[in-house]
Amino acid sequence: MAFLCRSAASLLKSSRAAPVLLSGSRLYSSGGQYEYILVEKRGEKSNVGFIQLNRPKALNALCDGLMREVIQALEVFDADADVGAVVITGSERAFAAGADIKEMQNKTFQECYTTKFLAHWCKVADARKPVIAAVNGFALGGGCELAMMCDIIYAGEKAQFGQPEILLGTIPGAGGTQRLTRAVGKSLAMEMVLTGDRINAQEAKQSGLVSKVYPVDQLVSEAIICGEKISANSKLVSAMAKEAVNAAFELSLAEGNRFEKRLFNATFATADRKEGMTAFVEKRKASFQDS
Ligand code: CAA
C-alpha cells in the first residue's frame with residue numbers, strides 16, 4: 001500500500017530542513033512538501049521507494065528545485081530501513097528533457113564556476129540503495145545523465161536517449177561524456193555528443209545503455225518488480241554489491257579485484273551471509289535481517 005505524497009511548496013525552501021521519516025509509508029520533509037516530484041512507497045511490501053518527476057509542462061526539465069527534491073527524496077529513502085531499492089521515473093512522454101534551458105540561458109561562466117553549477121547532481125549517484133531509472137519518452141541531456149547516475153536503466157519501447165547539448169552551443173555537464181562513453185563505447189558516445197542525434201530504446205539496449213525494454217504501460221510495474229527483488233535481499237550486502245560494481249568504473253582491474261575481495265570477505269562478518277548460506281543448506285528461503 002502506498003500513500004501518495006504530492007506536495008505543494010518548493011523544496012528550495014524545505015531543503016534547508018532535515019527530512020522527516022514518519023512511521024507507515026508517508027514521506028515528507030519538515031517545513032515544506034515536494035513541488036516537482038511525487039513520492040511514495042510501492043510494491044507488495046511497500047519496500048520500493050518511488051520518485052516520479054512531475055513537471056509535465058516543461059517535459060520534466062530538471063530545474064534546480066526539481067533536482068534538489070530528487071536528491072532529498074533519495075536521502076529520505078536511503079535512511080528508511082524498510083526501503084531496499086528506489087525507482088525514478090517521469091511521464092510516458094518524457095523521463096526528462098534535460099537541464100532547464102530557460103534557467104541556464106542567462107548564466108555566466110563566473111556564476112557557473114563560483115556556484116559549482118550542477119555539482120550537487122552527483123549526489124544521485126551517491127545513493128547507497130540501488131536506484132532504477134524507468135525511462136519512457138525523452139531522456140535528453142541532463143535527463144539522460146540522470147538516468148545514467150542510476151544503477152539500472154529500464155526503457156519503455158518509445159524511449160529516446162540523447163545528449164543534444166552541442167545543438168545549444170554547450171556540452172554535457174552532468175557526467176554525460178563520461179558515463180555515456182563507459183556505457184556505450186567511444187564511437188557511439190562521440191556520435192551522440194557531437195551530432196546531438198538520439199538513439200531509440202532498442203539501440204540503447206543493443207549498446208548496453210539499458211538492460212531491459214518493456215511496453216510503455218508495463219515499464220514502471222516491471223521496474224517496481226525489479227526493486228522488490230532487490231529489496232528481498234540483504235540491504236547491507238546489496239550496498240556492498242553496488243559499491244563493488246561501481247568501483248569497476250574507478251579502479252584498475254587489479255585494484256578492483258582487491259576491493260571486491262575485501263568486500264566479499266566483509267560479508268562473512270554479517271549475519272545475513274550466515275543466514276543466506278544456512279538457508280540454502282537447510283533448503284528453505286533465507287530471511288535477511290539486514291545485519
Ligand atoms: N528546458 C526548459 N524547458 C524545456 C526543456 C528544457 N530542457 N525541454 C522542453 N522544454 C519545454 C519547452 O520550452 C516547452 O515549453 P513552452 O510550452 O513553455 O514553450 C515545453 O517544454 C514543451 O516542449 P516542446 O514544445 O519543445 O515539445 P516538442 O514535443 O516539440 O519537443 C523536445 C520535445 C524534442 C524534447 C524539445 O522540447 C527539446 O528539444 N527540448 C530540449 C532538449 C535539450 O536540448 N536538452 C538538453 C538541455 S541542456 C542540458 O541538459 C545540460 C546538461 O548536461 C546538464
Side-chain angles (χ1 to χ4, degrees), residues 10-12 35-38 51-71 74 88-127 131 133-150 153 155-184 188-201 203-204 209-210 216 219 249:
S10 165
L11 185 84
L12 277 174
E35 179 181 3
Y36 300 109
I37 60 175
L38 306 175
I51 300 171
Q52 181 166 21
L53 312 185
N54 186 35
R55 209 186 160 209
K57 284 185 186 156
L59 301 182
N60 292 329
L62 303 168
C63 61
D64 189 54
L66 187 153
M67 283 307 295
R68 287 186 188 281
E69 289 188 1
V70 168
I71 290 160
L74 282 171
I88 300 182
T89 196
S91 67
E92 289 194 357
R93 188 163 174 229
F95 177 73
D100 191 316
I101 299 167
K102 292 168 189 167
E103 225 176 51
M104 285 186 293
Q105 185 187 0
N106 295 317
K107 278 197 188 296
T108 62
F109 159 74
Q110 288 84 346
E111 215 179 326
C112 291
Y113 188 74
T114 53
T115 62
K116 295 189 175 175
F117 181 50
L118 302 185
H120 62 292
W121 284 29
C122 68
K123 288 185 181 167
V124 173
D126 290 342
V131 183
V135 176
N136 268 323
F138 299 114
L140 303 180
C144 188
E145 291 168 306
L146 173 62
M148 291 191 291
M149 283 179 214
C150 300
I153 308 179
E157 279 168 343
K158 294 188 178 155
Q160 292 186 42
F161 298 84
Q163 297 290 163
E165 289 88 345
I166 198 79
L167 306 174
L168 300 168
T170 184
I171 69 169
T177 60
Q178 305 305 299
R179 291 196 175 92
L180 186 66
T181 307
R182 283 164 168 79
V184 307
L188 181 55
M190 278 287 189
E191 191 183 351
M192 290 170 70
V193 169
L194 293 176
T195 65
D197 284 353
R198 305 175 203 153
I199 57 171
N200 64 31
E203 290 165 327
L209 181 60
V210 313
V216 171
L219 173 72
F249 295 96

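When reading the values below, keep in mind they use all heavy atoms of this one structure, side chains included, and skip hydrogens, waters and symmetry mates. Atoms within a ligand are numbered from 1 in the order they appear, just like the ligands themselves.
- In this structure, atom 33 (C) of ligand 1 is in close contact with the protein, since a protein heavy atom lies within 4.0 Å of it.
- Not one N or O on the side chain of Gln160 forms a donor-acceptor pair closer than 3.5 Å with the backbone of Gly137.
- Of all heavy-atom pairs between Phe95 and Gly143, the closest is CE2-O, 3.3 Å.
- No donor-acceptor distance shorter than 3.5 angstrom exists from the side chain of Glu35 to the backbone of Gly65, with no hydrogens or angles considered.
- Considering backbone and side-chain atoms together, Glu145 places an N or O closer than 3.5 Å to an N or O of ligand 1.
- Looking only at heavy atoms of the protein, atom 36 (C) of ligand 1 is closest to Leu59 CD1, 4.7 Å.
- Put simply, atom 48 (S) of ligand 1 has protein non-hydrogen atoms near it, under 4.0 Å away.
- Under a cut-off of 6.0 angstrom, the local environment of CD1 in Ile171 is sparse, with at most 12 non-hydrogen atoms contributed by other residues, nucleotides or ligands.
- Scanning the protein heavy atoms around atom 20 (C) of ligand 1, the nearest turns out to be Lys57 O, 3.2 Å.
- For Leu118, every heavy-atom contact with ligand 1 shorter than 4.0 Å involves the side chain, none the backbone.
- Protein heavy atom closest to atom 5 (C) of ligand 1, with residue, atom name and distance, is Ala61 CB, 4.0 Å.
- Looking at Gly141 next to ligand 1, no N or O pair under 3.5 Å apart turns up.
- Of the protein's non-hydrogen atoms, the one nearest atom 11 (C) of ligand 1 is Ala58 CA, 3.9 Å.
- Protein heavy atom at the shortest distance from atom 1 (N) of ligand 1 is Ile101 N, 2.9 Å.
- Within a 4.0 Å radius of atom 38 (C) of ligand 1, the protein contributes no non-hydrogen atoms.
- Of the N or O atoms in Arg93, one or more lie within a sub-3.5 Å distance of an N or O in ligand 1.
- Taking each heavy atom of Gly162 and Cys144 in turn, the nearest pair found is O-CB, 3.5 Å.
- Using modelled atom types, no side-chain atom of Gln163 and backbone atom of Gly176 make a donor-acceptor pair closer than 3.5 Å.
- Between Leu168 and ligand 1, a contact under 3.5 Å exists for no N or O pair.
- For atom 30 (O) of ligand 1, no protein non-hydrogen atom is found at a distance below 4.0 Å.
- Asp100 places no side-chain N or O within 3.5 Å of a backbone atom of Leu62 that could act as its donor or acceptor partner.
- Put simply, the side chain of Glu145 gets close to the backbone of Ala174: a donor and an acceptor are under 3.5 Å apart.
- The two residues Ile51 and Val70 have their closest heavy-atom pair at CD1-O, 4.2 Å.
- Listed by number with element, the atoms of ligand 1 under 4.0 angstrom from any heavy atom of Lys102 are 13 (O), 15 (O), 16 (P), 18 (O), 19 (O).
- Put simply, part of Arg198 is less than 4.0 Å from ligand 1, judged by heavy atoms.
- Put simply, no part of Glu103 is less than 4.0 Å from ligand 1, judged by heavy atoms.
- The main-chain N or O of Leu38 is never found under 3.5 Å from a side-chain atom of Asn54 such that the two would form a donor-acceptor pair.
- Against a heavy-atom cut-off of under 4.0 Å, Pro172 is close to the following atoms of ligand 1: 53 (O).
- Distance check for atom 8 (N) of ligand 1: a protein heavy atom is found below 4.0 Å.
- For the pair Gly142 and ligand 1, the shortest N or O to N or O distance falls below 3.5 Å.
- Nearest heavy atom pair, residue Leu188 against residue Ile199, reads CD1-CG2, 4.2 Å.
- A donor-acceptor pair is defined here as one N or O able to donate and one able to accept, closer than 3.5 Å; no such pair exists between the side chain of Glu69 and the backbone of Leu66.
- Within ligand 1, the atoms closer than 4.0 Å to a non-hydrogen atom of Glu165 are 48 (S), 49 (C), 50 (O), 51 (C), 52 (C), 53 (O), numbered from 1 in the order shown.
- Residue contact annotation: Gly176 has no non-hydrogen atom under 4.0 Å from ligand 1.
- Ligand 1 is approached by Met104 to a heavy-atom distance shorter than 4.0 Å.
- Contact between Val184 and Ala189 at its shortest, heavy atoms only, is CG2-N, 3.7 Å.
- Considering OG1 of Thr181 and CE of Met148, their distance stands at 8.0 Å, rounded to 0.5 Å.
- Close approach of ligand 1 to Gly173 (heavy-atom distance below 4.0 Å) involves ligand atoms 52 (C), 53 (O).
- Taking CD1 from Ile153 and CG from Leu209, the interatomic distance works out to 4.5 Å, rounded to the nearest 0.5 Å.
- Backbone and side-chain nitrogen or oxygen atoms of Phe138 are examined, and none is located within less than 3.5 angstrom of a nitrogen or oxygen of ligand 1.
- At least one protein heavy atom sits closer than 4.0 Å to atom 23 (O) of ligand 1.
- Minimum heavy-atom separation, Leu140 to Phe161: CD2-C, 4.2 Å.
- If you check which protein heavy atom lies closest to atom 42 (C) of ligand 1, you get Ala97 O, 3.2 Å.
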